[in-house]
Number of protein chains: 2
Amino acid sequence: MVVKERIRIGGRSARIQEAVHRAVRQLSAETDRDQLTVPQIAAEAGVTPSTIYRRWGDLASLLADVAVERLRPIADPEDTGATASDVRTFIEQYVEEMTSPIGRALMRDVVSPLEQSYSGKCDVFTRQHLSTIAERAEARGETPFDIDEVIDHVMAPIVYHLLFGNRELTLAYCHSLLGRVQSLSRPD
Amino acid sequence: MVVKERIRIGGRSARIQEAVHRAVRQLSAETDRDQLTVPQIAAEAGVTPSTIYRRWGDLASLLADVAVERLRPIADPEDTGATASDVRTFIEQYVEEMTSPIGRALMRDVVSPLEQSYSGKCDVFTRQHLSTIAERAEARGETPFDIDEVIDHVMAPIVYHLLFGNRELTLAYCHSLLGRVQSLSRPD
DNA sequence: GCTATTAACGCAAAGTATTTGCTTTAAGGG
DNA sequence: CCCTTAAAGCAAATACTTTGCGTTAATAGC
């Protein structure tokens with residue numbers, strides 16, 4: 001189920017959304033995520049369970065909604081002075097964050113609902129970050145790289161191994177992925 | 001929860017597993033998957049719900065278990081006479097299968113449980129298929145390609161776009177991914 | 001084969017979670 | 001400031017999940 005695009009965005013509605021999100025973050029830090037329940041979250045947030053069911057539909061959608069908010073970038077990617085190191089730093093931080101148990105759980109939460117809108121937003125976040133880095137590159141007079149190429153050949157393998165296991169995401173591996181991006185390593 | 005490695009594998013146990021799997025396939029063809037319930041599956045399979053809960057733990061694990069079985073290869077990849085076209089045909093069939101609503105649902109089912117064992121098995125299936133193709137290549141005297149490279153730079157982008165949306169998986173796009181695999185397109 | 005052992009199933013009761021109809025509250029517009 | 005109505009609360013009804021215990025049948029030992 002989709003989180004409704006609300007017509008009312010202020011006041012009580014916003015307070016309750018914030019309280020519920022906070023409750024999910026709080027409880028998922030304390031307890032195992034597979035024994036997280038809607039009534040438990042409702043109690044922690046001080047709302048009635050039916051409010052959560054009516055607004056988010058089910059636990060999976062609520063968790064996905066919270067996960068998207070946690071993955072939403074709070075700042076622009078670090079400016080290291082050069083495009084290649086900007087991208088490398090961004091990727092290293094992404095891997096650092098997502099290989100943790102919390103990161104892996106967020107990834108699953110975002111990808112699990114039938115609705116693709118949650119995972120779609122995360123893809124947009126990544127593209128926005130890469131756009132920022134690409135704009136900086138252009139401002140510096142460097143050749144801008146191809147965002148789709150970084151998504152397909154750096155991000156995608158990382159996400160694949162996060163979800164499907166069977167390979168460790170070492171720093172060296174990430175660097176080898178970056179090395180294959182032609183528009184970064186071989187500017188022409 | 002993990003599906004237990006059962007000590008008893010024959011007779012009644014096997015019949016019930018088959019009946020439950022069949023019921024899931026049957027019902028998920030008829031009804032929307034987000035209104036599929038354990039009691040409903042139990043009724044269709046002619047077992048009691050507690051059998052399903054004790055054996056699979058929850059609906060997500062059962063769906064993942066069924067999805068893995070449906071994704072398990074039933075035959076070796078087609079032998080087209082040349083390595084490049086073997087891989088291309090395999091990828092085209094994979095995309096054909098997974099872009100359908102059923103395929104997308106299977107992908108999500110496999111990836112959703114906290115347990116990585118389900119998605120891990122799917123990665124193994126892919127590697128086995130690619131191994132078969134690589135062995136054939138060697139038998140023909142062709143240069144064998146790097147399986148990890150195909151996983152990372154062809155499969156991973158495809159899976160990424162399946163899960164995160166925002167890009168259509170056209171045939172031309174798949175071919176462009178294959179074109180980037182050095183050990184396939186530029187044998188040296 | 002036959003029996004003993006015990007994993008796995010069935011049943012039913014107890015415990016939770018989810019849905020739903022109706023009432024109340026408070027945003028946002030006039 | 002009042003009206004309209006989206007969204008929340010409440011509580012009863014329904015549905016799902018867990019659990020204890022008796023029963024069935026798969027396997028091991030003889």
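Here is how names work: the chains are called A, B, and so on, in the same order as the sequence lines, proteins then strands, and each is numbered from 1. As the structure is a prediction and not an experimental result, all values here were calculated from the model.
- If you take CD1 of B:I52 and C1' of C:dG10, they are 13 Å apart, rounded to a whole angstrom.
- Side-chain proximity of B:R12 to the nucleotides D:dC16, C:dA17, D:dA25 is greatest for D:dA25.
- In this structure, of C:dA27, C:dA17, D:dA26, it is C:dA17 that holds the atom nearest to the side chain of A:P39.
- Counting to the nearest Å, the P atom of D:dT24 and the CZ atom of B:R15 are 15 Å from each other.
- Under the salt bridge (Lys or Arg N to Asp or Glu O under 4.0 Å) criterion, B:E69 pairs with B:R72, not counting sequence neighbours.
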Side-chain polar contacts of residues 153-161 of chain A - donor-acceptor pairs under 3.5 angstrom, sequence neighbours left out - could you list them?
{"residue": "A:H153", "atom": "ND1", "partner": "B:H153", "partner atom": "ND1", "Å": "3.0"}
{"residue": "A:H153", "atom": "NE2", "partner": "B:R180", "partner atom": "NE", "Å": "3.3"}
{"residue": "A:Y160", "atom": "OH", "partner": "B:D123", "partner atom": "OD1", "Å": "2.6"}
{"residue": "A:H161", "atom": "NE2", "partner": "A:Y173", "partner atom": "OH", "Å": "3.1"}
{"residue": "A:H161", "atom": "NE2", "partner": "B:D152", "partner atom": "OD1", "Å": "2.7"}

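- Distance B:I41 CD1 to D:dA15 P: 17 Å, rounded to the nearest Å.
- The nearest whole Å value for the distance from the CG atom in B:L36 to the P atom in D:dC16 is 11 Å.
- The side chain of B:V47 sits closest to C:dG10 out of D:dA8, D:dG9, C:dG10.
- Counting to the nearest Å, the C1' atom of D:dC16 and the CD atom of B:Q40 are 12 Å from each other.
- Qualifying ring pair (Phe, Tyr, Trp, His ring centres under 6.0 Å) partners for A:F90, counting only residues two or more places apart in sequence or in other chains: A:H129.
- By the 4.0 Å N-to-carboxylate-O rule, B:R25 lies close enough to B:E18 to be salt-bridged with it.
- Between B:S13 and C:dA8 there is no side-chain polar atom (N or O) within less than 4.0 angstrom of OP1 or OP2.
- Rounded to a whole Å, the CD atom of B:Q17 is 19 Å from the P atom of C:dA7.
- One finds a side-chain N or O of A:R55 lying less than 4.0 angstrom from the OP1 or OP2 phosphate oxygen of D:dA8.
- Checking B:T51 against A:L59, the closest nucleotide of DNA chain C that is more toward the 5' end is the one next to B:T51.
- The side-chain hydrogen bond (donor to acceptor under 3.5 Å, both in side chains) contacts involving residues 94-111 of chain B comprise B:R33-B:D109, where partners must be two or more places apart or lie in separate chains.
- Judged as a side-chain hydrogen bond (donor to acceptor under 3.5 Å, both in side chains), and not counting sequence neighbours, the contacts of A:T80 are A:S85, A:D86.
- Going from atom CD1 of A:I16 over to atom P of C:dA27 covers 10 Å, rounded to whole Å.
- Atom CG in B:D34 sits roughly 11 Å away from atom P in C:dT19 (whole-Å rounding).
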Anything under 3.5 Å between a protein N or O and an N or O of nucleotides 11-14 of chain C, put it in a table, one pair a line.
{"residue": "C:dC11", "atom": "N4", "partner": "B:S50", "partner atom": "OG", "Å": "3.0"}

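- Between A:D79 and A:R140 there is a salt bridge, with a side-chain nitrogen of the basic residue lying less than 4.0 Å from a carboxylate oxygen of the acidic one.
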